[in-house]
Protein chains: 2
Amino acid sequence: MASKLSKVNLNDYKPLREVIFDTLREAIITGELKPGERLMEVKLAEKMGVSRTPVREAIRMLELEGLVDMLPRKGAHVAELSVKDIMDVLEVRASMDSLATRLAAERITDEEIKELRQIQAQFVNYANKDNLHGTIKKDVEFHELIYRASRNDRLLQIANNLREQVQRFRVIYLKDYSSPKNLIKEHEDICDAISARNFDQAQACAQTHINNQEKVIIKAIKNLK
Amino acid sequence: MASKLSKVNLNDYKPLREVIFDTLREAIITGELKPGERLMEVKLAEKMGVSRTPVREAIRMLELEGLVDMLPRKGAHVAELSVKDIMDVLEVRASMDSLATRLAAERITDEEIKELRQIQAQFVNYANKDNLHGTIKKDVEFHELIYRASRNDRLLQIANNLREQVQRFRVIYLKDYSSPKNLIKEHEDICDAISARNFDQAQACAQTHINNQEKVIIKAIKNLK
DNA sequence: TGTTTTTATATTATATACAAAATACAAAGC
DNA sequence: GCTTTGTATTTTGTATATAATATAAAAACA
């Protein structure tokens, strides 16, 4: 019988391209790699101690993900993220979030409702203690659970990609992350509507929530200019 | 001054990976490559007269696109497309189409309205003559124009991917493509609402249109079982 | 015969090698 | 000084080679 060790190793195995992909994506999203920055295969490969092949494959994936742009025979560079881009993303995400919340209200399980309320309680707790890190974490968890409860994998996949873009934009343009107290109320409303499985109301609450979020970002954008 | 000739050649250049990517994607969407079918690098490379490298890169891209699945060290195979998958896609696409139509009503130019009406006229013409091929073509053009008029590149990109999946499903499961006459009326309504720049109504019409489309597909799915 | 073990083969994963194009820069010509 | 042209260098695009793993077939054993 094979030892557990080998089994674990098999499950843990990740192709280098995936590791590189994750690393580069993280670097792009956190702004460590800046928009327009060139991605040179040999340099990246050397820095990461691998050959060019997995680096290239990772770049191909990042290209599809929209995080890098390619020019034939000129190489890859970190995709620029314009205000127009982020407006486009926000517009789509609003619609996705709204849909997800409606579907979640229809399909969420009782356990998940409990979980949602728990997250919400922790969110409130952190927010009241001005714990920014914790608040953001719970905010993300809150929305992740809702997407999960929508029981729509495609929606989840698209939303993750959009979230990525927004996050990236935040890092690049808006260094600070304000945590307005009215978020609490909005989450509470969404929570209640979902718990009551009132999908129309849930969708409406989500819409309000996103519109407000959008306003914050758009206001911040205008301040930049 | 450089001649036009050299410019054209430069623009025409496409890396092999892109050519392979397009070819494989087309093959998967049209059902030439069937769900579950293995994609072996050497075979594909030989068949296409290239080395494994561009084939691998194309496969990495198809993976992100959701058209192939990978198992580490076991290779790639054409992604299965379950009924659940297509329901998920339809759910999201409904929301996207609805959003696109609303935005189009807000942002479409006068020229585009003219163009839309023209396409619609041709659509009606083909449909009345039972020209299936022409009808489908104009149907696609109709929706493409609306997406274009939404002035949202991200939306366009996502919608294209979703359309891909639906098309694939059609080919795999529903060999025939019924062209019900009431499509004409629905398109007409959308056209009118957009022309009047009445975005609420445009969105509502789009919603109706998509819901009906969904019903057709769902009905067809049920007939399969 | 059925089951395990071994071995061979096929296939992916990664690294390297080579070719072609783009870029940078210096020398020549005006 | 400015442009042009040629050359060296860098970098990508593609092909091939090597290593590691999985699959399948054959051999050994009960």
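Proteins come first, then strands; the chains are lettered A, B, ... in the order of their sequence lines, and each starts at number 1.
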Report task. Hey, which sits more toward the 5' end of DNA chain C by its nearest nucleotide, A:V50 or A:R38? Result ->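 Checking each residue's closest nucleotide, the 5'-ward one belongs to A:V50.
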Kindly say if [X] contacts the phosphate of [N], meaning a side-chain N or O under 4.0 Å from OP1 or OP2.
X	N	result
B:R52	D:dA15	no
B:S51	D:dT14	no
B:R56	C:dA13	yes
A:Y13	C:dT14	yes

In whole angstrom, give the distance that lies between atom [atom1] of [X] and atom [atom2] of [N].
X	N	atom1	atom2	answer
A:I20	C:dA13	CD1	P	14 Å
B:E57	D:dG13	CD	C1'	8 Å
A:F21	C:dA13	CZ	P	16 Å
A:M40	D:dT10	CE	C1'	9 Å
A:M48	C:dA13	CE	P	19 Å
A:E18	C:dT12	CD	P	16 Å
B:E41	D:dT16	CD	P	15 Å
A:L16	D:dT18	CG	P	20 Å

**Report entry** Residue from B:I210, B:N212, B:I217 passing side chain to side chain contact (heavy atoms under 4.5 Å, CB included) with B:E214
**Finding:**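 For B:E214, the side chain to side chain contact (heavy atoms under 4.5 Å, CB included) check succeeds only for B:I210.
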Query raised in the report: NA contact type, A:L39, heavy-atom cut-off 4.0 Å: base, sugar-phosphate, or nothing?
Result: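 The answer is sugar-phosphate, as A:L39 gets under 4.0 Å only of primed atoms, P, OP1 or OP2.
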Report task. Under 4.0 Å between any heavy atoms, over every strand shown, what does B:R17 touch: base, sugar-phosphate, or nothing? Just pick one. Result ->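 Here B:R17 touches the backbone only, sparing every base.
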Requested in this report: Identify the heavy atoms of A:D97 and A:H143 that sit nearest to each other, and give their distance.
Outcome: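 Closest pair (atom of A:D97, atom of A:H143, distance): OD2-ND1, 4.5 Å.
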Query raised in the report: Parallel under 30°, tilted from 30 to 60°, perpendicular over 60°: which one fits the rings of A:F142 and A:H187?
Result: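 Parallel.
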Report task. Determine whether A:Y147 and A:M96 make a side-chain contact, defined as any pair of heavy atoms from C-beta on separated by less than 4.5 Å. Result ->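 A:Y147 vs A:M96: side chains touch.
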Query - Nucleic acid contacts - residues 60-80 of chain B versus DNA chain D, non-hydrogen atoms under 4.0 Å - result: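 Under 4.0 Å from DNA chain D: B:R73, B:K74.
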Query raised in the report: Going through the distances and angles, do B:Q165 and B:D85 end up as a side chain to side chain contact (heavy atoms under 4.5 Å, CB included)?
Result: CA-CA 9 Å; B:Q165 308 285 335; B:D85 287 333; over 6 Å; no
Query raised in the report: When A:E41 is tested against each of A:K47, A:R52, A:R60 for salt bridge (charged side-chain N to carboxylate O under 4.0 Å, His left out), which residue passes?
Result: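 Single salt bridge (charged side-chain N to carboxylate O under 4.0 Å, His left out) partner of A:E41 among A:K47, A:R52, A:R60: A:R52.
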Query raised in the report: Do side-chain atoms of B:D69 reach the backbone of B:H77 as a donor and acceptor pair under 3.5 angstrom?
Result: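 Answer holds: no.
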